[in-house]
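Input: a single structure, listed below in structure tokens.
So you know, we letter chains A, B, ... as the sequences are listed, proteins then strands, and number each from 1.
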2 protein chains.
Amino acid sequence: MEPVRATIERYVVLSDAEWEEVAACWQERIFQKGAVITATDQVEAWFSIVKEGVQRIYFEHDGVEACIGFAYGGSWSGVYDSFISQTPSRFVLQAVSHTVLFSIGYADLQRLYKQFPVMERFGRLLLEEVVVARATREVEQLTMGAQERYDRLMARSPHLLQLVPQKDIASYLGMSAETFSRLRARR
Amino acid sequence: MEPVRATIERYVVLSDAEWEEVAACWQERIFQKGAVITATDQVEAWFSIVKEGVQRIYFEHDGVEACIGFAYGGSWSGVYDSFISQTPSRFVLQAVSHTVLFSIGYADLQRLYKQFPVMERFGRLLLEEVVVARATREVEQLTMGAQERYDRLMARSPHLLQLVPQKDIASYLGMSAETFSRLRARR
DNA sequence: AATTGCACTTGACCTACATCAAGAAGCTTC
DNA sequence: GAAGCTTCTTGATGTAGGTCAAGTGCAATT
């Protein structure tokens, strides 16, 4: 449960009384490597904080997977847009490695939002971060060629190469696995 | 001032007392057609609600403009990620037509967030909408070819063609003006 | 109403990256 | 530890859509 409090307190400070109420809403969920956590067309029921493991979020189109993000230790995880809108997910959330999540259900989170302004604030601040991150990603996808996108990711998150298969990183960068491989080979 | 209350109340309900305090923070800003509202490298100082006119938000790279969104009547406007993070904007916000905005400054909005949980809630709900919309856009850009993206926009927002130059729509759809023109010609 | 300047169109050509294919190198699993 | 996956590499070929260029049309400015 500590990762939950630590993650929330990256944004706001909770009193012990608040924390007690908040903590009661979370449950641990465990997934083995490769397991689908949330499937396409399923409404995302959980907002999660990652205790252990790496997950990827992707969608499928004409039999091709396009990865749009990863989640790992200390960060949040889930199909955020499906959770927010409570509509069927276009994405799949999958455990890349053995995964332990702390999760809170939609109704519980809404209740906490209503009950504690500080949680509403947490929700807003987290979303602000998401929005800024997605804007950065959008600019990068549009302005940079395959090579520059590769270089940038390697500079910013070289550890990713250890955590997830290259094909998923390639897809995340919006290029084929072959192109990714060739960029790596070039030195 | 009515558009402000109407827009906010699409998300939350304000008591008259709350509205009085909130209303006091906004000011009217007028821009003529073509004027730059927020320039690159400038920190976005305002969050705005559109009273009149159309704006586009774009960035420049190697002398090429890439349009990433539009704003018009009753919606919000501004360089959201720069405003949120209070860091220099990578984007330009420009008045496509004669524009009247109601705007609130960063400090004032932060104060309202602190003062009124209902405003915090408004902020969260608005961001949720942004996140869902950007996720949809991302999926469309990745899964669909130029023609399908064109068809989809024409089905969803045909009015856009009357409001902004085709080159901006083309750019918004992630294609050259020439490709856009050719897609229109085909019937 | 002539001038200037952008937006749009249309055609010819080009290129970054995808796709296809086939082999090599890691992993699981029994 | 051999069999069978899946991932990764490397080469050959294909293509959607970009870029360049040369008009055409229209609206604003004089």
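Closest to the Ser181(B) side chain, of the nucleotides dC8(D), dA18(C), dC8(C), is dC8(C).
Ion pairing of Arg90(B) with Asp81(B) is present here, as a side-chain N (NZ or NE/NH1/NH2) and a carboxylate O approach within less than 4.0 Å. A salt bridge links Glu140(B) to Arg156(B): at least one charged side-chain nitrogen sits closer than 4.0 Å to a carboxylate oxygen.
Between Phe70(A) and Tyr172(A), the angle of the ring planes lies from 30° to 60°, which puts this pair in the tilted group.
No hydrogens or angles were tested; on distance alone, nothing pairs the side chain of Arg182(B) with the base of dG18(D) as donor and acceptor under 3.5 Å. Counting distance only, with no hydrogens placed and no angle test, the side-chain atoms of Glu178(B) and the base atoms of dC8(C) include no donor-acceptor pair under 3.5 Å.
Within 4.0 Å (heavy atoms only), Gly174(A) reaches sugar-phosphate atoms of the nucleic acid but no base atom. Lys33(B) comes within 4.0 angstrom of no nucleic acid atom, judged by non-hydrogen atoms across all strands.
Look at CD on Gln141(A): it is 11 Å from P on dC17(C), rounded to the nearest Å. The CG atom of Leu161(B) sits 12 Å away from the C1' atom of dC8(C) (whole-angstrom rounding). Taking atom CD of residue Gln32(A) and atom P of nucleotide dT28(C), one finds them 13 Å apart after rounding to whole Å. As a whole-Å value, the separation of Ile169(A) CD1 from dT7(D) C1' is 12 Å. Across the protein-nucleic acid pair, Lys167(B) atom NZ and dC26(D) atom P stand 19 Å apart, rounded to whole Å. Separating the CG atom of Leu163(B) from the P atom of dA7(C) is a distance of 16 Å, rounded to the nearest angstrom. Note: CZ (Phe180(A)) to C1' (dC8(D)) measures 11 Å, nearest angstrom. Between Met175(B) atom CE and dC8(C) atom P there is a gap of 14 Å when expressed in whole angstrom units.
For Phe180(B) and Tyr150(B), the gap between ring centers is short of 6.0 Å. Aromatic ring centres of Phe83(B) and Tyr106(B) lie closer together than 6.0 Å.
The side chain of Thr179(B) places an N or O atom within less than 4.0 Å of a non-bridging phosphate oxygen (OP1 or OP2) of dG18(D). For dA16(C), the OP1/OP2 oxygens have no side-chain nitrogen or oxygen of Gln147(A) closer than 4.0 Å.
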